[in-house]
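Okay, so here's the structure we're looking at.
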Amino acid sequence: MKTRLFFLLLCISTIVFAQAPCPNIPLDEPAPVWEDGFYRYYVKLISENMLVSDFNKTDFINHIVVISNPSTEDVDFMNTSITEVEMAFPASQNEDLMKVALVVSTYEFQHDFLTAFT
């Protein structure tokens with residue numbers, strides 16, 4: 001059962017973390033826009049701690065500032081382009097999935113930007 005779950009998670013994470021709806025879309029292509037006009041990105045945080053249930057945009061940006069020390073311009077860009085951040089898998093009991101955040105953004109190439117800092 002663990003092998004099947006691991007394989008399923010590996011397949012899903014290959015697609016989800018790459019921000020491509022299918023393996024045929026290269027990473028340098030823009031992320032698909034959702035019906036509401038926003039882009040969504042899954043980001044696994046570099047942290048020993050699990051995300052708290054009320055994890056939000058401010059917590060996310062503070063985490064990036066602590067681990068990556070981005071410039072003031074980059075922080076301003078994140079504050080304007082990121083509209084919402086929440087736990088991606090709030091009901092998960094898996095430690096790795098409990099460190100994944102869902103980032104909602106107005107910027108279509110946010111994946112490249114976030115990769116530089118996370």
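- Interatomic distance, Tyr41 OH to Ile82 CD1, rounded to the nearest 0.5 Å: 10.0 Å.
- A 4.5 Å side-chain heavy-atom check between Val43 and Phe60 finds at least one atom pair inside the cut-off.
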Would you sort out whether Met87 and Val100 count as a side chain to side chain contact (heavy atoms under 4.5 Å, CB included), showing the intermediate values?
CA-CA 6 Å; Met87 290 180 66; Val100 178; over 6 Å; no
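- Under the side chain to side chain contact (heavy atoms under 4.5 Å, CB included) criterion, Thr72 pairs with Asp76, sequence neighbours left out.
- Atom-to-atom distance recorded for Glu86:CD and Ser53:OG is 11.5 Å, nearest 0.5 angstrom.
- Legend: residues meeting side chain to side chain contact (heavy atoms under 4.5 Å, CB included) with Asn62, ordered by chain and number and at least two apart, are Thr58.
- Ring orientation note: the planes of Tyr107 and Phe77 are nearly perpendicular, at an angle over 60° on the 30°/60° scale.
- Within the 3.5 Å criterion, the main-chain N or O of Thr106 finds no donor-acceptor partner in the side chain of Ser81.
- Glu84 contributes atom CD, which lies 11.5 Å from atom OG of Ser105 (distance to the nearest 0.5 angstrom).
- His63 pairs in a side chain to side chain contact (heavy atoms under 4.5 Å, CB included) with only one of the listed residues (Val66, Ile61, Val65, Ile67), which is Ile67.
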Could you go through Leu51 and Leu45, starting from their C-alpha distance and side-chain angles, then the distance that decides it, and tell me whether this counts as side chain to side chain contact (heavy atoms under 4.5 Å, CB included)?
CA-CA 9 Å; Leu51 301 183; Leu45 302 183; 3.2 Å; yes
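- Heavy-atom minimum distance, Leu97 versus Ser92: CB-OG, 3.4 Å.
- Using a distance-only test at 3.5 Å, with no hydrogens or angles considered, a donor-acceptor pair links the side chain of Thr83 to the main chain of Val104.
- Lys99 contributes a side-chain N or O that, together with a main-chain N or O of Ser47, makes up a donor-acceptor pair within less than 3.5 Å.
- Counting all heavy atoms, side chain and backbone alike, Lys44 lies closest to Asp96 at NZ-OD1, 3.1 Å.
- Considering only heavy atoms from C-beta on, Asn56 comes within 4.5 Å of Asp59 through its side chain.
- The backbone N or O of Asn79 lies less than 3.5 Å from a partner atom in the side chain of Lys57, making a donor-acceptor pair.
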